[in-house]
Amino acid sequence: GAVVSQHPSWVICKSGTSVKIECRSLDFQATTMFWYRQFPKQSLMLMATSNEGSKATYEQGVEKDKFLINHASLTLSTLTVTSAHPEDSSFYICSATAESKKETQYFGPGTRLLVL
Amino acid sequence: SQQGEEDPQALSIQEGENATMNCSYKTSINNLQWYRQNSGRGLVHLILIRSNEREKHSGRLRVTLDTSKKSSSLLITASRAADTASYFCATGLNQGGKLIFGQGTELSVKP
């Protein structure tokens, strides 16, 4: 149980385009979802916390107009990288927590974004 | 900002040996968790230890927590080649809240 999927698993796009990444909890309802960014050989940097039906809370230094997060249902959150540039190339990972077990985050497999 | 620091950054051992990774943090916590990440993949939750606990076991994993020193250790006993991965500690400042991840330890277990 507690499976989280991400789609797409990898994406290559041209500079200036927008990219949407989906995060789904497959077998549980995710009251909270988190979005992270990870550079090669580095740790996870929390970008934002997303609660179903409300606006996301962004970490300091993360541009909310650049990284749009929508959490429209208890099983789906999306991250849209708007007007992507090469410096946005990274590994984006989402995680989700269930109401019954809030302390543990279940992670998706990640999405590798390459902006040319 | 990152709260946790881990050492060593990289660890290479032979199969069958034990692997110990350490994590230090800066502020008071509600819990501390250890995750594993295989190259290019998402993270897998290994074990959670609460701030009022000192030690926890799960299979070949043993985690200790010393809140007075703000540090934790993860011990993997009788390591296997399949244990090769990056291991991250993460601190939870409150229940159900966000996690702050350490820099990670890259473990390589040679057959």
Side-chain angles (χ1 to χ4, degrees), chain A residues 1-7 9-10 21 23-26 28 30-52 56-62 90-114, chain B residues 1-11 21 23-26 29-53 56 58 63 65 84-108:
Chain A
V3 177
V4 176
S5 71
Q6 271 184 252
H7 177 80
S9 55
W10 59 269
I21 302 170
C23 178
R24 292 180 185 274
S25 57
L26 298 185
F28 67 100
T31 48
T32 304
M33 287 182 167
F34 302 87
W35 286 95
Y36 297 86
R37 184 173 179 175
Q38 185 180 33
F39 290 105
K41 302 286 186 182
Q42 293 190 25
S43 186
L44 279 73
M45 296 288 294
L46 179 65
M47 299 174 67
T49 302
S50 164
N51 290 298
E52 185 266 338
T57 302
Y58 290 81
E59 294 298 301
Q60 193 173 10
V62 178
S90 191
F91 191 53
Y92 292 89
I93 310 177
C94 71
S95 70
T97 59
E99 184 66 31
S100 60
K101 202 175 180 185
K102 286 184 177 180
E103 294 166 322
T104 300
Q105 294 186 21
Y106 300 99
F107 283 81
T111 296
R112 191 161 301 282
L113 170 64
L114 176 61
Chain B
S1 60
Q2 292 296 326
Q3 152 132 281
E5 293 184 3
E6 293 183 56
D7 81 273
Q9 290 188 347
L11 178 62
M21 290 160 265
C23 169
S24 61
Y25 56 93
K26 295 175 183 171
I29 62 171
N30 174 275
N31 63 79
L32 187 142
Q33 306 182 36
W34 286 89
Y35 287 81
R36 166 198 167 124
Q37 183 181 35
N38 285 75
S39 183
R41 301 289 196 90
L43 278 70
V44 174
H45 182 260
L46 295 177
I47 198 164
L48 179 153
I49 186 165
R50 292 192 171 80
S51 58
N52 61 352
E53 297 175 311
K56 213 161 181 181
S58 176
V63 168
L65 179 64
T84 295
S86 292
Y87 291 82
F88 293 92
C89 69
T91 50
L93 304 185
N94 49 55
Q95 273 191 340
K98 61 186 183 184
L99 295 176
I100 305 297
F101 282 81
Q103 295 301 309
T105 294
E106 199 170 328
L107 173 66
S108 174

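B:F101 and B:Y35 have tilted rings, their planes meeting at an angle from 30° to 60° on a 0 to 90° scale. Using bins of under 30°, 30° to 60° and over 60° for the plane-to-plane angle, the ring pair A:F107/A:Y36 lands in the tilted bin.
Among A:E99, A:K41, A:Q38, A:Q6, the residue with the largest count of heavy-atom pairs under 4.5 Å with chain B is A:Q38.
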Side chain to side chain donor-acceptor pair (under 3.5 Å) between B:S51 and B:N30, intermediate numbers included: CA-CA 5 Å; B:S51 58; B:N30 174 275; 5.5 Å; no
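The contact between B:L99 and chain A is made by backbone and side chain atoms together, counting heavy-atom distances below 4.5 Å. If you measure heavy-atom distances from B:E106 to chain A, the contacts under 4.5 Å come from the side chain alone. For a residue to count as touching a neighbouring chain, one of its non-hydrogen atoms must lie under 4.5 Å from one of that chain's; by this rule A:Q105 touches chain B with backbone and side chain alike.
Within the 4.5 Å cutoff, no side-chain heavy atoms of A:S25 are placed close to those of A:Y106.
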